[in-house]
2 protein chains.
Amino acid sequence: MDNKKIEKISRALSDANRIAILQQFKKKKDCLYCAEVNDLLDLTQPSVSHHLKQLVDAELLLPQKEGRNLKYVLNQQVLDDYITCLNDLKE
Amino acid sequence: MDNKKIEKISRALSDANRIAILQQFKKKKDCLYCAEVNDLLDLTQPSVSHHLKQLVDAELLLPQKEGRNLKYVLNQQVLDDYITCLNDLKE
DNA sequence: CATTTATATAGAAACATTTGAATATTTAAA
DNA sequence: TTTAAATATTCAAATGTTTCTATATAAATG
């Protein structure tokens, strides 16, 4: 993972609303629907859409179209790769 | 570690110059001098000072005054706590 | 096919971050 | 104790981010 990617993921994680979205995955078992995120956050729909876009662009979330709905799954691989980079900062 | 802290650390990590500073610790053994960071980055001294401040405010770096010099050590504990929070996002 | 539902995009206002020039502060050295 | 060196602060310009309103697109339903 190069530094541009580390930067992008860090930026995606640097917002209270986006952290809340990611933490919501612990409560829902495997996936989160777009509409559920709209309910979760105290923001308008376009603002939520913007935040989800940041997380998808950073590849922390993987979007899956289901008819006219959209669901997201957490990309554990990217999260693991990011954590590995952070661990590499040590020693 | 609360969400405000996660947000602050993430933001500190969301800049190419600050990532470069942290990575420089791998090359130097235990600490980095302020003047070394000035040499490392292609920025004016006040800009470097600004970036170091962000890292110190996030507690990723611990500053130690040595006469009129200033050296930094990496705060491995904070980095570990942050990584733990990221790991908690999974499962 | 017209309507409704779900999500995205455009554009603008508000706010935050980054950067550098100028200057201040602190400490060592002459 | 004046001068030089290292770092910090102030301020403003440039840039980037967040949020909203309004509108567009896409897909399902009647």
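We name chains A, B, ... by the order of the sequence lines, and we start the count at 1 in each one.
Listed nucleotides: C:dA8, C:dT18, D:dC20. Nearest to the side chain of A:Tyr72: C:dA8. Looking at the side chain of A:Arg11, the nearest of the listed nucleotides D:dA8, C:dA8, D:dT17 is D:dT17. The side chain of A:Arg68 lies closest to D:dA28, out of D:dA5, D:dA28, C:dT7.
In this structure, B:Asn69 does not reach the C:dT26 phosphate: none of its side-chain N or O atoms is under 4.0 Å from OP1 or OP2. Here B:Arg18 reaches the OP1 or OP2 of C:dT18: one of its side-chain N or O atoms lies under 4.0 Å away.
What separates CG of A:Leu41 from C1' of D:dC20 is a distance of 15 Å, to the nearest Å. The CD atom of A:Glu7 sits 13 Å away from the C1' atom of C:dT17 (whole-angstrom rounding). Straight-line distance from the OH atom of B:Tyr33 to the P atom of D:dT7: 10 Å, rounded to whole Å. Following rounding to the nearest Å, A:Leu13 (CG) and D:dT17 (P) show an atom-to-atom distance of 15 Å. Whole-Å rounding puts the B:Leu70 CG to C:dA28 C1' distance at 16 Å. Straight-line distance from the CD atom of B:Glu66 to the C1' atom of D:dA5: 16 Å, rounded to whole Å. As a whole-Å value, the separation of B:Leu43 CG from C:dT19 P is 5 Å. Atom pair B:Lys65:NZ and D:dT7:P shows a separation of 9 Å (rounding to whole Å applied).
To the nearest 0.5 Å, the span separating CG on B:Leu74 from CG on B:Leu61 amounts to 6.5 Å.
DNA chain C is contacted by B:Pro46, B:Ser47, B:His50, B:His51, B:Gln54 of residues 45-60 of chain B, taking any non-hydrogen atom closer than 4.0 Å.
Using a 4.0 Å cut-off between charged nitrogen and carboxylate oxygen, A:Lys90 and B:Asp80 count as a salt-bridge pair. Ion pairing between B:Lys5 and B:Glu59 holds under the 4.0 Å rule for side-chain N and carboxylate O.
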>> Could you go through B:Tyr72 and B:Cys31, starting from their C-alpha distance and side-chain angles, then the distance that decides it, and tell me whether this counts as side chain to side chain contact (heavy atoms under 4.5 Å, CB included)?
In response: CA-CA 6 Å; B:Tyr72 295 96; B:Cys31 69; over 6 Å; no
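Applying the under-4.5 Å side-chain rule to Ile, Leu, Val, Met, Phe, Trp and Tyr, the cluster around B:Tyr33 consists of that residue alone.
A donor-acceptor contact closer than 3.5 angstrom links the side chains of B:Gln23 and A:Asn3.
Comparing B:Gly67 and A:Cys34 against DNA chain C, the residue whose closest nucleotide sits nearer the 5' end is A:Cys34.
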Under 3.5 Å donor-acceptor pairs involving side-chain atoms of residues 47-55 of chain A, not counting sequence neighbours:
unit_1, atom_1, unit_2, atom_2, d
A:Ser47, OG, A:Thr44, OG1, 3.2
A:His50, ND1, A:Gln54, NE2, 3.4
A:His50, NE2, A:Gln54, NE2, 3.0
A:His51, ND1, A:Arg18, NH1, 3.0
A:Lys53, NZ, A:Asp57, OD2, 3.3

